[in-house]
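Please read these numbers as outputs of a predicted model, since none were measured by experiment. When a ligand or atom number is given, it counts from 1 through the structure's own listing order. No hydrogens, no waters, no symmetry mates; every other heavy atom, side chains included, goes into these values.
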Amino acid sequence: MLYPQLTSSRNLISLSGIWNFKADYKEEGYVNQWYLKGLKEYDLMPVPASYNDIAVDAALRDFVGDVWYERKVVIPKQWETENVMIRVGSASHHSKIWVNGVLVKEYTGGFLPFESTINEAIQFGEENHIVIGVNNELTWQTLPPGEAYYVEDADGNRKKKLKQQHDFFNYSGIHRPVYLYTTPRTYMEDITVQTDYEGDQGIISYQVVMNQPDEESREAVTVKIEVYDEENQLVGAAAGEKGSLQIDRVTLWQPQNAYLYKFVAKLVSKEHTLDEYSLNIGIRKVQIENGQFLINGEPFYFKGFGKHEDMDVKGKGLDDAMNIRDFNLLKWIHANSFRTSHYPYAEEVLDLADRYGIVVIDEVPAVGMLGQAVPAIGELDGVFTDEKINDETLKEHIRLTREMIARDKNHPSVVMWSLANEASVMEPRAEAYFKELAEAARKMDDRPLLNVNLMLIEPGKCKVSKYFDVIGLNLYFGWYSERGDIDAGKRRLKQWLQECHEAEKKPILLSEYGVDTIAGLHKEPAIMFSEEFQVQFLKAYHEVFDQLPFVIGEHVWNFADFMTGQDLVRIDGNKKGVFTRQRQPKMAAHYLRERWGSITNTHSK
Ligand code: GCB
């Protein structure tokens, strides 16, 4: 799905701003047809933003159920001849859009965009009534999985609660921008670009998909492609719906040294441009060879973080200021990569990664496929069962993987797809599940695949690693086990990594390791939760990684402190950030800056 764009053939109106809002505490919205009749006695709510921390109200912060957003908008008369679309960047987790009372779209998934044509429902040149209903419940057939249930409050009123296994707050609402945009009646629905190079010649293969025009209009149009360099010089051209072109003296997109070409696609009829769309593309190649992860033929060592889309007040709402701050910090600390733990991030974030030269591992929201909430300790209950993670869940998993890949395939920064974080992969039934999932993903795109395991999956016990290219390990020895004993944790870590590599013979990425650290808490000698402990823990882990050539990268958990559900082990959220939630450095940030500044992207050991 192409991101909305203002071009010579397309219009764009942002509906970000303040909407009317109402949480449906009494479950009366559907009965009273709020989608048709509108909201009475509403609050004001910004879009995009999570609603949870906006109000000063515990009931809204923890609300589980339907909320309603409403806004009126005049649609220009001049748009009458066009195809008019409404598009929501993401809303968590199940949404419906009504325009003038007509249901135009229903969508499940909290972290990917959805859109619909609305021509049949709108009045041109007049005010139109838009209502978006968002429900934040989860089931065993959604990603992430969860379970909503009812409790009674002191007055005997029923209210819903949510049981979840994943370790981040269930921020809810419309999290990414809402747009109205137009395309011509015959337009480009999708563009796929793949890149390669030989010597100093870049190779771009592309495919343009038009909306289903009839034979006649299809024959009447030609696709024309032009590629421009960063100086805006035309460096390549091609024609046809599918093809390839060469770029002489190519400048590659390199980690921490981005170079972007502009790929312009046009639908032309009798010398007249019907539709136009452009993409920023980077020319680069990703391979796995001899146990190494290669970007442009060079072994790449991942230095960076697992992150979250999370901030004060706005929760998971897109915020350009915070995002640019994050990329500035990534650059400052000499990180070269991050994983979009544990869901696909906003397209706007991937655009920044392309521009800053930060490598991205893109993750589907398959988190918490476990019989226990994080931190999981001891025996895990089985979840790959008929009632819990079943064929329906697999269908959703494949659908969301397809949609993520369709959305993000053209980003040069994205080098690998992560298909799950900490699933219960030692269960026999997980094997067939992940086999089918990985096979489906390989048909969609040729980037390598990652599966991420938790530390309860002992070396050799994972039933699914064989279907993946890279093994991600989330290890917390010296924290969740060997608590406070970094030396013991370090010994266990080394043994674990060696055994795991022996069993799987695949490159290993340390996709998570870290400790909760209260900013400003200093202890000498170091004890758990102090800034000194975080530094010593990371140093000990790095000493091990530096001895093991099959470790292809280190992603500290987490970039910044983030909000979680309330729990004994979560003091105002998860405090494993190297930066605070307000994006200021803890001591560990200075240590990492020194380490990552001194090892290259290749880090040959
Ligand atoms: C994990 C999870 C992550 C948690 C983290 C922790 O293994 O993947 O979502 O936040 O551990 O801090 O316990």
Problem set entry | Distance-only side-chain donor-acceptor flag, His166 / Tyr343, under 3.5 Å |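 Absent: no donor and acceptor within the cut-off.
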
Exercise. Between Asn421 and Glu363, is any side-chain donor less than 3.5 angstrom from a side-chain acceptor?
Worked result: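 Side-chain D/A pair, Asn421 to Glu363: absent.
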
Is it true that [X] and [Y] have a side-chain N and a carboxylate O under 4.0 angstrom from each other?
X      : Y      : answer
Asp561 : Lys576 : no
Asp62  : Lys161 : no
Lys463 : Glu427 : no

Problem set entry | Residues lining ligand 1 [heavy-atom distance under 4.0 Å, listed by chain and residue number] |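 Lining ligand 1: Asp167, His342, Val374, Asn421, Glu422, Asn474, Tyr476, Tyr480, Glu512, Trp557, Phe562, Arg570, Asn574, Lys576.
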
Exercise. Does Arg442 make a cation-pi contact with Tyr467 (under 6.0 Å, within 45 degrees of the axis)?
Worked result: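 Pair Arg442/Tyr467 does not count as cation-pi.
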
